Amino acid sequence: MDEKYVVIIQCDISHNRCSGFACTNAFYNRDDVFKNYNESTRYISFTCGGCCGKSIATKLEHLSKKLKLKNNINKEDVVIHLSSCMTNDNYHYDRCPHLDYIKSIVSKKGYNKVIEGSYISKNAEKKRANGSYNCYDSI
C-alpha cells in the first residue's frame with residue numbers, strides 16, 4: 001500500500017487500561033491487517049475522546065492541517081484504522097455502540113480509507129471461535 005500515514009483510533013475507555021502497545025507493535029511488525037503497508041508508512045494514534053466519539057472531528061481536523069502544512073500530505077494518503085477494541089467484542093466490553101456515528105464523522109472529515117480493526121490476540125480469536133465473544137462483520 002502506498003499510504004503515507006496510518007492512524008489508529010483507540011477507544012478512550014480501553015485506553016485507560018491499555019497502553020496501545022499491541023496495536024503499535026502489530027503496525028511496526030507489519031502483522032495481520034498492517035502487512036501490506038510500506039516500510040516508509042508512518043503511524044500515529046489517538047483516542048476517540050470518549051463516548052460518543054464526537055471529539056474525533058476536532059482531532060481529525062487538527063491532523064489534516066498538520067499533515068498538509070508540515071508534510072504536504074493529503075487525506076487520500078491516510079488510512080484510518082478503528083482499533084479492534086472499538087470494533088470487536090473483547091475483554092474490555094462489547095464493540096463500541098457509537099461505531100457508525102464515528103465512521104460518519106471520519107467520512108465527513110474526508111477520510112475515505114477506513115479499516116475496522118488493528119490487533120487481535122490469539123486468545124481473543126479462540127474466544128470468538130468458541131462463542132465466548134460476539135463476532136461482527138467488518139467493512
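Everything numeric in this text was worked out from a predicted model, so none of it was measured. All values below were derived from every heavy atom in this structure, side-chain atoms included, with hydrogens, water molecules and symmetry-related copies excluded.
For Asp77 against Ile73, the heavy-atom pair with the smallest separation is CB-CG2, 3.7 Å. Of all heavy-atom pairs between Val78 and Lys113, the closest is O-CB, 3.7 Å. In this structure, Tyr37 and Val33 approach most closely via the heavy-atom pair CE1-O, 3.8 Å.
For the pair Ser104 (side chain) and Tyr101 (backbone), a donor-acceptor distance under 3.5 Å is present. Remark: side-chain polar atoms of Lys4 are not paired, donor with acceptor, to backbone N or O of Arg42 under 3.5 angstrom. The closest donor-acceptor contact from the side chain of Ser83 to the backbone of Ile8 lies at 3.5 Å or more, if one exists at all. Proximity of a side-chain donor or acceptor of Ser107 to a complementary backbone N or O of Lys103 within less than 3.5 Å is not detected. No donor-acceptor distance shorter than 3.5 angstrom exists from the side chain of Ser84 to the backbone of Gly117, with no hydrogens or angles considered.
Taking the six-membered ring wherever Trp is involved, the centroid distance between the rings of His81 and Phe34 falls below 6.0 Å.
Atom NE2 of residue His98 and atom SG of residue Cys11 lie 9.5 Å apart, to the nearest 0.5 angstrom. Atom CG in Leu67 sits 11.5 Å away from atom NZ in Lys70 (nearest 0.5 Å). Taking CG of Leu63 as the start and CD1 of Ile56 as the end, the distance is 12.0 Å to the nearest 0.5 Å. Considering CD of Glu39 and OH of Tyr28, their distance stands at 10.5 Å, rounded to 0.5 Å. Atom-to-atom distance recorded for Asn29:CG and Thr24:OG1 is 10.5 Å, nearest 0.5 angstrom. Distance check: Asp2 CG to Thr41 OG1 gives 8.0 Å after rounding to the nearest 0.5 Å.
Under the 4.5 Å side-chain contact rule for hydrophobic residues, Tyr119 and Val7 do not share a cluster.
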Review item, side-chain donor-acceptor pairs of residues 45-55, under 3.5 Å, at least two apart:
from, atom 1, to, atom 2, distance (Å)
Thr47, OG1, Asp12, OD1, 2.9
Thr47, OG1, Gly49, N, 3.2
Thr47, OG1, Lys59, NZ, 3.3
Ser55, OG, Cys48, O, 2.9

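Taking Asp31 as the reference, nothing meets the salt bridge (charged side-chain N to carboxylate O under 4.0 Å, His left out) condition, with sequence neighbours excluded. Every salt bridge (charged side-chain N to carboxylate O under 4.0 Å, His left out) that Glu61 has, sequence neighbours left out, goes to Lys109.
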**Request:** In sequence, state the C-alpha distance, the side-chain angles, and the governing distance for Leu60 and Ile80, and then conclude on side chain to side chain contact (heavy atoms under 4.5 Å, CB included).
**Result:** CA-CA 10 Å; Leu60 288 176; Ile80 306 288; 4.0 Å; yes
**Item:** Test side chain to side chain contact (heavy atoms under 4.5 Å, CB included) applied to Cys18 and Gln10, step by step
**Value:** CA-CA 10 Å; Cys18 175; Gln10 184 182 14; 3.6 Å; yes
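Taking a 6.0 Å sphere around NZ of Lys68, one finds it holds more than 12 heavy atoms contributed by other residues, nucleotides or ligands.
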